[in-house]
Amino acid sequence: MNATYQTLDQHLGTQTPLQSSDQARSTALVIRSLAAVASTIADELAHAALRGRLGAAGGTNVTGDQVKKLDVWGHDVVVDALRRSGACAALVSEESPEPVEMPEGKGRRGVVVACDPVDGSSNLDVNGTVGTIFSIKPSQGWDPAGPAALTPGTEQLAAGDIMYGTGIALVYTAGQGTHGFTLERASGTFYLTHPNIRVPKKGKVYGINEGNMATWHPGQRAFVEHLKTSDKATGRPYSLRYSGAMVADIHRTILDGGLFMYPADMSDPTKPKGKLRLLYEVAPMGMVVEQAGGRASTGTERVLELKATDYHQRAAIIVGSADDVTLAEEFYRR
Ligand code: AFP
């Protein structure tokens, strides 16, 4: 391997926020432990069709999604990795109704992790891109520690994702910028290929499930119409790209700019309903994008300031290039 690339291990050692306390070191341990299982997950994804791992596991999870065999398998791999890290006091996972408490990580040095082990699982059976999303917060020494995950996204010590695409990428932030790594499969080592990612202030691409248009806020509908209207001076129309996996859409957005949006369902305007889960999708991706110079909003407020009352709470998100998100918010105010 070309020696010029810094490894993830080396890079974690350069992040000041990860050196300052036992809890900070626990955060780095958790990131290392999730990175260490990336090869295992990638190998299983690559051979799932040959190993009878595709298809439904039967039943739905706490948020009503059909559970895939690989969702359950992925959850178990993440639980095992976090237990072995000895740094995690509790895990909030998409595949577990209640937090998984971990005695191994109890005490003030412990952290709580919120995780979507296999994000984009509707892509699994069609060989599409999927990922693992993680968010790390202080456990505050609480026991049970799960409730410590309900604090606002501004309390995150670190956040990131692993994307299983053409290559295997890991992106993380510990509050000192957002950094991208690529897995060298033979050694199982992540190398720093995208240091200090900066989201372009304005993009040319947007990602949204337009099939939901009828349920959107009028400002959201007008904004998407605006993006689709031809106007050379403002670089419109924007192109539409939507993968079905938030990890992949966010990855494209932080590197190329533009927007990923999953707005609220406003069928009942008094009860706007988001789809994506706040603790293990919206908040971690919001921190990753903000630390790369972008913005993350619900359309009316900063997603990192949302406080959760439920582990699987949903929230709306409009995230990406700062100027594009700001413009979207203007359309919501009209
Ligand atoms: P799954 O993990 O249940 O496939 O959901 C993926 C996801 O949470 C997110 O990754 C996608 O952006 C979004 O849902 C796709 O939702 P739609 O299928 O409603 O477009």
Side-chain angles (χ1 to χ4, degrees), residues 41 44-45 48 53-78 92-97 114-135 159-165 169 171 205-216 220 224 240-254 258-267 272-286 288-289 296-299 303 308 310-320:
I41 295 177
E44 192 67 19
L45 294 172
R53 283 259 197 226
L54 294 181
T60 58
N61 63 20
V62 66
T63 46
D65 299 316
Q66 185 199 52
V67 177
K68 303 281 185 174
K69 292 177 188 168
L70 283 165
D71 281 323
V72 178
W73 179 86
H75 169 78
D76 295 343
V77 167
V78 166
V92 171
S93 164
E94 182 184 10
E95 304 313 330
S96 174
C115 184
D116 184 351
V118 182
D119 173 59
S121 43
S122 52
N123 282 347
L124 286 166
D125 295 356
V126 294
N127 214 2
T129 297
V130 297
T132 299
I133 304 177
F134 60 90
S135 164
D161 66 73
I162 301 167
M163 185 178 92
Y164 306 98
V171 168
V205 169
Y206 71 103
I208 194 168
N209 181 340
E210 292 212 2
N212 300 328
M213 183 177 271
T215 71
W216 294 347
Q220 179 68 51
V224 170
L240 174 60
R241 297 278 184 281
Y242 188 73
S243 76
M246 183 186 199
V247 167
D249 291 311
I250 293 287
H251 206 78
R252 178 196 64 249
T253 300
I254 58 175
L259 290 160
F260 169 73
M261 302 177 274
Y262 211 112
D265 176 334
M266 302 286 283
S267 304
K273 272 197 307 183
K275 172 182 177 185
L276 304 184
R277 282 47 61 107
L278 177 57
L279 295 186
Y280 43 82
E281 289 178 307
V282 170
M285 294 294 97
V288 162
V289 172
S297 170
T298 63
V303 298
D310 174 299
Y311 295 115
H312 304 283
Q313 184 171 324
R314 301 171 185 268
I317 188 165
I318 297 173
V319 59

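The figures here come from the full heavy-atom set of this structure, side chains too, leaving out hydrogens, waters and symmetry mates. Remember, it's 1-based here, ligands and their atoms both numbered in the order they're listed. Sequence positions, counted from 1, serve as the residue numbers for this chain. Computed from a predicted model, the values in this text were never measured in an experiment.
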Every pair of nitrogen or oxygen atoms between ligand 1 and the protein that is under 3.5 angstrom apart - can you list them with their distances to 0.1 Å?
{"from": "ligand 1", "atom 1": "2 (O)", "to": "G120", "atom 2": "N", "distance (Å)": "2.9"}
{"from": "ligand 1", "atom 1": "2 (O)", "to": "S121", "atom 2": "N", "distance (Å)": "3.3"}
{"from": "ligand 1", "atom 1": "2 (O)", "to": "S121", "atom 2": "OG", "distance (Å)": "3.4"}
{"from": "ligand 1", "atom 1": "4 (O)", "to": "S121", "atom 2": "N", "distance (Å)": "3.0"}
{"from": "ligand 1", "atom 1": "4 (O)", "to": "S122", "atom 2": "N", "distance (Å)": "3.1"}
{"from": "ligand 1", "atom 1": "4 (O)", "to": "S122", "atom 2": "OG", "distance (Å)": "3.2"}
{"from": "ligand 1", "atom 1": "8 (O)", "to": "R277", "atom 2": "NH2", "distance (Å)": "3.2"}
{"from": "ligand 1", "atom 1": "8 (O)", "to": "E281", "atom 2": "OE2", "distance (Å)": "2.6"}
{"from": "ligand 1", "atom 1": "10 (O)", "to": "D119", "atom 2": "OD1", "distance (Å)": "2.6"}
{"from": "ligand 1", "atom 1": "10 (O)", "to": "D119", "atom 2": "OD2", "distance (Å)": "3.2"}
{"from": "ligand 1", "atom 1": "10 (O)", "to": "M246", "atom 2": "N", "distance (Å)": "2.7"}
{"from": "ligand 1", "atom 1": "12 (O)", "to": "M246", "atom 2": "N", "distance (Å)": "3.3"}
{"from": "ligand 1", "atom 1": "14 (O)", "to": "K275", "atom 2": "NZ", "distance (Å)": "3.2"}
{"from": "ligand 1", "atom 1": "16 (O)", "to": "K275", "atom 2": "NZ", "distance (Å)": "2.8"}
{"from": "ligand 1", "atom 1": "19 (O)", "to": "Y262", "atom 2": "OH", "distance (Å)": "2.6"}
{"from": "ligand 1", "atom 1": "19 (O)", "to": "K275", "atom 2": "NZ", "distance (Å)": "3.3"}
{"from": "ligand 1", "atom 1": "20 (O)", "to": "N209", "atom 2": "ND2", "distance (Å)": "2.9"}
{"from": "ligand 1", "atom 1": "20 (O)", "to": "Y242", "atom 2": "OH", "distance (Å)": "2.6"}

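Every residue was checked against the ring pair (Phe, Tyr, Trp, His ring centres under 6.0 Å) condition with Y262, not counting sequence neighbours, and none meets it. Looking at residues two or more places apart in sequence or on another chain, you find no ring pair (Phe, Tyr, Trp, His ring centres under 6.0 Å) involving H75.
T215 places a side-chain N or O within 3.5 Å of a backbone atom of N212 that can act as its donor or acceptor partner. With hydrogens and angles ignored, the 3.5 Å screen pairs a side-chain donor or acceptor of H312 with a backbone N or O of S96. A donor-acceptor contact shorter than 3.5 Å is absent between the side chain of K69 and the backbone of A56.
Sorted by first and then second residue, the salt bridge (Lys or Arg N to Asp or Glu O under 4.0 Å) pairs involving residues 114-133 (not counting sequence neighbours) are K68-D125.
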